[in-house]
Every structure is written in structure tokens, then in C-alpha cells.
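Below is one structure; the comments refer to it alone.
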Number of protein chains: 2
Amino acid sequence: MDHIDRVLLTHLQQDATQSYAALGQAVGLSAGAAHERVRKLRERGAIRRTTVEVDPAAVGGAVLAYVMVDSVSWMGDSAQDFAALPEILEAHVIAGSASVLVKVRTSTTEQLQDVLRRIYAIDGVSGTQATVVLETFFERPVSPELGTG
Amino acid sequence: MDHIDRVLLTHLQQDATQSYAALGQAVGLSAGAAHERVRKLRERGAIRRTTVEVDPAAVGGAVLAYVMVDSVSWMGDSAQDFAALPEILEAHVIAGSASVLVKVRTSTTEQLQDVLRRIYAIDGVSGTQATVVLETFFERPVSPELGTG
DNA sequence: GAAGATTGCCGAATGAGATACGGTCTACGC
DNA sequence: GCGTAGACCGTATCTCATTCGGCAATCTTC
């Protein structure tokens with residue numbers, strides 16, 4: 001994982017459809033060499049997968065909210081319960097007063113309310129505190145260049 | 001945006017490297033027809049871009065935190081100030097006591113502290129409240145199938 | 001209800017690019 | 001000094017993306 005790898009990752013994050021020739025040119029390598037490096041990045045797991053970024057609004061995800069989930073019991077083994085709700089995009093165990101933080105996308109606030117109801121039904125959950133997003137400044141992937149700093 | 005488009009989006013989210021022939025087969029269409037549909041999804045903006053998913057840990061992003069940012073003035077025009085910090089992955093204006101919620105990834109807690117310091121330096125910011133993630137259950141893209149419900 | 005226009009699909013052609021391979025150079029260990 | 005491993009380059013092949021003409025179904029308009 002050197003500087004060239006990081007530049008490759010950055011370019012691929014911006015556009016994974018570009019040719020290996022263009023990718024190689026961006027870092028001063030041949031297409032073959034660039035291909036080989038990217039293959040190894042996938043092999044090592046640095047690149048988890050190639051995917052498409054979908055506009056949430058286009059598929060019924062206009063309402064975004066973060067929900068702090070309070071609990072009366074250990075939530076460390078409840079990953080499945082949260083994953084079962086497709087509207088939940090992220091679920092994290094956190095340090096602090098609440099025990100789990102989840103990110104939720106729904107098409108309406110009524111559906112958000114329904115998701116909160118289903119979260120509340122999860123075993124051990126004692127309460128929820130939802131924070132609705134009014135405007136998203138930006139959402140972007142992790143910057144590979146950070147490894148430099 | 002019908003059912004076929006949603007299935008195409010789901011398949012592309014899982015693996016954007018597969019051939020249009022395979023993609024078409026998954027929805028009962030020819031490669032050409034699948035290609036045409038995907039082209040239109042890009043054109044409409046439903047597909048924003050094709051990208052690679054990078055393992056945060058592999059590029060120095062082991063520490064994840066959410067930060068509630070309190071302010072004394074209107075933060076609606078401060079998107080640039082937050083975007084200037086590459087460690088900030090998301091920034092949202094929220095309803096509630098704080099005014100901005102940001103998602104931060106750094107390699108160490110020391111760097112997290114430094115990011116908090118730089119957030120504090122943004123004009124109008126009066127305080128921050130960081131919540132450190134202990135364990136991530138999952139992070140996944142928005143499900144196109146939600147549009148069905 | 002009929003003619004025209006639009007849309008979505010198929011199947012084939014072609015051109016570009018992914019992937020594999022042989023050879024060269026450098027760095028490193030013995 | 002010699003052998004090995006790793007990274008790169010240039011080339012060759014072969015898959016696949018992309019384009020095109022043609023057809024059927026649907027919608028529009030009169």
C-alpha cells in the first residue's frame with residue numbers, strides 16, 4: 001500500500017469504469033501494471049467490491065434520519081435484528097448514553113415512524129431518539145489519501 | 001423506474017463488474033436491453049456513478065465517530081467549511097438541539113481530536129459532542145427494493 | 001378506430017479493452 | 001557473485017461493451 005495504490009484507489013472511487021490504460025497513465029504505469037496492482041488491492045480486501053452509487057431519492061429514500069437506540073441489555077449480539085430492517089443503512093455500537101446508533105432512510109416520515117416502531121420491538125431496546133436530517137451537505141467515500149497524513 | 005430497474009440496481013450494487021449478458025439474464029432481458037436500461041438509469045441520475053468500495057481500515061480510517069455540532073449562527077451556507085476537512089465523510093443539517101451532524105473517520109483518536117479542533121474553528125460553531133463508534137454492525141447501500149413497499 | 005409516433009426489445013457486427021504471457025530489470029538474501 | 005522474487009513493460013488474444021437495423025407493442029392524435 002504505497003502512494004501509487006492510494007492514487008489508484010482515489011481514481012477508482014471517482015470513476016470505476018475508466019480503462020486500465022487511463023488508470024495507468026494517471027500514475028505513470030502501463031495498463032498491465034495498473035491492472036496487476038488493482039487485482040492485488042482486491043485480493044487483499046482493500047477494495048471490497050465494485051459497485052454503483054444509487055441516488056436515494058430515486059428509489060424512495062427521501063427522508064434521512066439518525067436514531068440513537070437506548071437499551072436495557074447488552075446489544076452486542078443484536079446485529080441481525082437491525083439488519084432485518086432494510087431501511088437501516090448503518091448500525092453501530094457506540095460509546096455514550098445510548099448503546100446503538102443507526103442511520104435510516106425511508107420515503108416518508110410515516111414510514112420512518114414505522115421503522116422506529118420496529119426498532120422499539122427489538123429485544124432489549126428501551127427507547128429511541130430520532131434526529132431528522134433537513135439538508136445533506138455532502139456524502140462521500142473515505143479518502144485513501146488520509147493514510148499519507 | 002419499474003421492478004426490472006430496481007433489480008438491475010440491486011445486482012449492480014452487489015457487483016458492478018459483471019457483464020451485461022449476466023445482468024440481462026438475471027432479469028430476463030437480452031444484453032443489449034439491459035445495457036440500454038442501465039444507460040438510462042445513469043442518464044436520469046438514478047445511478048450517480050460507478051465506484052469501488054474501499055476498506056476504511058486499509059487506508060487509515062480505523063476510528064469512526066459521529067459529531068453533533070452546536071452553533072450560534074445559521075450554518076446553512078457552511079457546506080464548504082466542512083467539506084474542507086477530508087476526514088469528514090458526511091455532513092448534514094439536522095432538526096434538533098445541535099445544528100449539524102457529521103460523520104468522521106480517522107486512523108487514531110488523536111487525529112479525531114484534531115478534527116474536532118478544526119471543526120470548532122469553523123465560523124459560528126459553538127461546541128461539539130462526539131460519539132465514538134465501538135463496533136460497526138454493518139454499513140450497506142440504500143436498498144432499491146424499498147420503492148416497492 | 002386508424003395512422004403516426006414513441007418506446008422497448010432482440011440479434012448481429014465491430015471495435016475497444018480486459019486479461020494472460022514472455023521477457024527484462026532491479027533489489028535482496030545467501 | 002549468484003539465484004530468487006517482485007514489479008514492470010509490450011504484445012497477443014479473446015471477451016465484452018457499444019452500436020445499429022429491424023420488429024412488436026403501446027400511446028397519441030385526429
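Each chain gets a letter, A, B and so on, in the order the sequences are listed, and its residues count up from 1.
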### Message
Could you tell me the boundaries of the chain B footprint on DNA chain D, defined by atoms under 4.0 Å from its heavy atoms?
### Response
D:dA17 to D:dT18

#### Entry: Within residues 9-20 of chain A, residues whose heavy atoms come under 4.0 Å of DNA chain D
none

### Message
How about CD on A:E139, more than 12 heavy atoms from neighbouring residues, nucleotides or ligands closer than 6.0 Å, or not?
### Response
yes

Protein-nucleic acid N or O pairs under 3.5 Å, nucleotides 7-11 of chain C:
from	atom 1	to	atom 2	distance (Å)
C:dG8	OP2	B:K40	NZ	2.6
C:dC9	OP1	B:R37	NE	3.1
C:dC9	OP1	B:R37	NH2	2.9
C:dC9	OP2	B:R37	NE	3.4
C:dC10	OP2	B:S30	N	2.6
C:dC10	OP2	B:S30	OG	2.7

### Query
Between B:Q13 and B:P141, which heavy-atom pair has the shortest distance, and what is it?
NE2-CB, 3.7 Å

#### Entry: Partner set under salt bridge (Lys or Arg N to Asp or Glu O under 4.0 Å) for A:D77, not counting sequence neighbours
none

### Query
For the residue pair A:T106 and A:T108, what are the closest heavy atoms and their distance?
OG1-O, 2.8 Å

### Message
Quick check on A:D15: does its CG atom have over 12 non-hydrogen neighbours (other residues, nucleotides or ligands) under 6.0 Å away?
### Response
yes

### Summary
Applying salt bridge (Lys or Arg N to Asp or Glu O under 4.0 Å) to B:E135 and not counting sequence neighbours gives none

### NZ/NE/NH1/NH2 to OD/OE distance under 4.0 Å, A:E36 and A:R39
yes

### Query
Salt-bridged, B:R49 to A:E53, with N to O below 4.0 Å?
yes

### Spacing between A:L23 atom CG and C:dT19 atom C1', to the nearest angstrom
15 Å

### Message
Are more than 12 heavy atoms, taken from residues, nucleotides or ligands other than B:Q18, located less than 6.0 Å from that residue's CD atom?
### Response
yes

### Task
Give the minimum heavy-atom separation between A:R105 and B:L146, together with the two atoms involved.
O-CD1, 3.9 Å

### Task
Test A:H92 against every option in B:F137, B:Y66, B:F138 by the ring-ring contact (aromatic ring centres under 6.0 Å, His included) rule and name the one that passes.
B:Y66

### Task
Dump the intermediate steps for salt bridge (charged side-chain N to carboxylate O under 4.0 Å, His left out) on B:K103 and A:E90, then the final yes or no.
CA-CA 12 Å; B:K103 178 180 183 178; A:E90 302 178 19; 2.9 Å; yes

### Message
If the helix axis at each end comes from five base pairs, how far does the helix from C:dG1-D:dC30 to C:dC30-D:dG1 deviate from straight, to 10°?
### Response
40°

